[in-house]
Amino acid sequence: MCFNMSIVKEIEALQEEFRADFAEYPILSDHALQWYNASGFDHPIWPVIGKEFPDSIRMYHWGLIPHWVKDSDQAAGIRSKTLNARGETVDQLPSYRSSFPVKTCLVIAEGFYEPHHFEGKSYPFYLHRSDGRLLTFGGIYASWENRENGRTVNSFSIITVPAVGLTDRIHSHKHRMPLIIPENQRSRWMDPEISPTECKALIRSWEPEELIAHPSSPDLYRRKGSRNTPEIRDRYYYGIEGIDLLAI
DNA sequence: CCAGACGTTGTT
DNA sequence: GTCTGG
DNA sequence: CCAGACGTTGTT
DNA sequence: GTCTGG
């Protein structure tokens with residue numbers, strides 16, 4: 001699963017790393033993305049690089065709206081359920097298959113959150129690279145035309161796979177994790193010539209050696225108030241050994 | 001045949 | 001758009 | 001607006 | 001406690 005993620009980076013840092021420019025420069029007072037925690041259920045716009053626009057970074061809404069959706073009510077109903085697309089079935093399901101493999105994308109993030117269930121309670125953990133470098137999740141995207149107002153909504157879904165390694169130890173409940181595309185596989189993932197079979201073969205459980213994790217604030221999943229504060233991403237001490245020491 | 005689904009796994 | 005369940 | 005739901009597919 | 005569906 002992957003319903004919450006984070007990125008706190010300068011716009012320029014993304015452009016340099018991916019040798020791609022923002023198609024529409026985000027209107028940000030400080031030229032930085034400042035998501036300590038973004039909840040998919042709020043459908044934030046997020047930086048992605050799509051197979052059809054490999055030289056630009058675009059801000060797409062998290063929560064894929066399939067092209068066949070008829071109206072905004074239907075769109076609202078489906079996009080909370082398409083934050084993740086299971087890798088096992090992404091090439092078959094009606095909501096995703098027309099995006100695979102022609103509309104795959106790299107979803108740029110610094111880290112992501114997973115809940116650890118322990119003694120009947122849930123504790124969020126933040127997972128990220130120890131060197132602070134960015135991660136790229138494998139995703140799919142779609143464009144939907146809202147006929148009520150003539151506007152186009154671009155959106156994406158993060159592909160999920162069975163959890164492994166540190167992520168599996170943390171997400172002991174669902175055993176799922178986002179598809180992480182290794183740096184040396186990014187160009188392959190973005191290859192416009194790739195066959196469906198070859199593309200499907202790139203959907204594998206993997207996490208970088210550098211991935212580390214720590215418990216984070218129980219406020220992460222609160223419904224009320226701002227959940228996008230610097231503190232929410234910091235290490236939180238629960239005073240429970242099974243939690244505080246889990247990822248050490 | 002037509003109406004309805006189409007999706008995944010947070011929390012309280 | 002296309003499949004499924006009734 | 002109110003009644004009714006609120007969950008999962010193991011072993012941390 | 002809070003959300004959804006009727």
Side-chain angles (χ1 to χ4, degrees), chain A residues 1-6 35-44 61-100 102-103 107 111-127 137-145 147 155-179 203 213 215-228 232-233 236 238 240-248:
Chain A
M1 96 82 198
C2 184
F3 287 167
N4 296 78
M5 55 182 171
S6 172
W35 283 110
Y36 294 95
N37 166 46
S39 169
F41 294 98
D42 297 331
H43 309 293
H61 286 274
W62 188 3
L64 187 147
I65 304 170
H67 66 93
W68 42 258
V69 163
K70 292 180 184 67
D71 52 43
S72 51
D73 280 352
Q74 199 182 8
I78 200 159
R79 68 180 190 163
S80 291
K81 299 163 185 171
T82 54
L83 303 175
N84 296 165
R86 292 176 67 88
E88 295 89 333
T89 48
V90 67
D91 56 338
Q92 293 164 26
L93 298 184
S95 295
Y96 303 134
R97 63 187 167 202
S98 56
S99 293
F100 191 90
V102 295
K103 294 178 184 223
V107 179
F112 59 104
Y113 295 88
E114 297 287 3
H116 179 71
H117 288 253
F118 181 71
E119 294 178 346
K121 289 191 171 181
S122 182
Y123 303 86
F125 277 67
Y126 179 58
L127 299 99
F137 301 140
I140 50 170
Y141 62 91
S143 294
W144 171 66
E145 192 190 335
R147 291 177 201 197
S155 57
F156 70 93
S157 181
I158 294 173
I159 295 172
T160 64
V161 290
V164 290
L166 174 64
T167 313
D168 188 47
R169 269 202 287 146
I170 289 167
H171 200 196
S172 54
H173 200 41
K174 293 295 186 181
H175 301 285
R176 300 294 295 180
M177 68 184 289
L179 167 61
I203 299 178
S216 63
S217 168
D219 291 344
L220 192 88
Y221 296 133
R222 264 186 19 214
R223 290 180 197 268
K224 290 178 192 167
S226 174
R227 294 169 296 169
N228 181 29
I232 208 151
R233 205 173 72 163
Y236 186 95
Y238 283 90
I240 303 169
E241 268 198 20
I243 300 303
D244 296 335
L245 303 180
L246 179 71
I248 292 173

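Both backbone and side-chain heavy atoms feed into the values below; hydrogens, waters and symmetry mates do not. Proteins get letters first, then strands, A, B, ... in listed order; numbering begins at 1 in each.
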- Message: Once you apply a heavy-atom cut-off of 4.0 Å, does A:H67 come out as touching a base, just sugar-phosphate, or nothing?
- Response: sugar-phosphate

- Task: Tell me whether A:W68 is stacked on the nucleobase of C:dG1, counting only the six-membered base ring and applying the 5.5 Å and 30° thresholds.
- Result: yes

Worksheet item: Which part of the nucleic acid, if any, lies within reach of A:Y96 when heavy atoms closer than 4.0 Å are counted: base, sugar-phosphate only, or nothing?
Response: sugar-phosphate

Pairing partner of C:dC3, by Watson-Crick or G-U wobble and under 3.5 Å for both distances, is B:dG4

With a 3.5 Å cut-off and heavy atoms only, can you find an N or O donor on one side and an acceptor on the other between the side chain of A:K70 and the base of C:dG1? yes

Open item on the list: So, OP1 or OP2 of D:dT11: does either fall under 4.0 Å of a side-chain N or O from A:H117?
Closed with: no

Would you classify A:R86 as touching base, sugar-phosphate or nothing, given that sugar-phosphate means primed atoms plus P, OP1 and OP2, and contacts are heavy atoms under 4.0 Å? sugar-phosphate

*Roughly how far apart, to the nearest Å, are D:dG7 and E:dG5 at atom P?*
13 Å

Open item on the list: For a quick test of reading the model: is some side-chain N or O of A:S122 closer than 4.0 Å to OP1 or OP2 of B:dG10?
Closed with: no

Across all chains, not counting sequence neighbours, the side chain to side chain contact (heavy atoms under 4.5 Å, CB included) partners of A:Y236 are A:S217, A:P218, A:Y238

- Query: NA contact type, A:S39, heavy-atom cut-off 4.0 Å: base, sugar-phosphate, or nothing?
  - Reply: base

Across the strands shown, which category fits A:R79 at heavy-atom distances under 4.0 angstrom: base, sugar-phosphate, nothing? nothing

Per atom distances to the A:N84 side chain, the nearest of B:dT11, B:dT8, B:dC6 is B:dT8

Q | Below 4.0 Å: OP1/OP2 of B:dT8 and any side-chain N or O of A:T82 | A | no

Which of D:dT11, C:dG1, B:dG10 is nearest the side chain of A:H175? It is D:dT11

Touch check for A:L93, heavy atoms < 4.0 angstrom, all strands: base, sugar-phosphate only, or nothing? sugar-phosphate

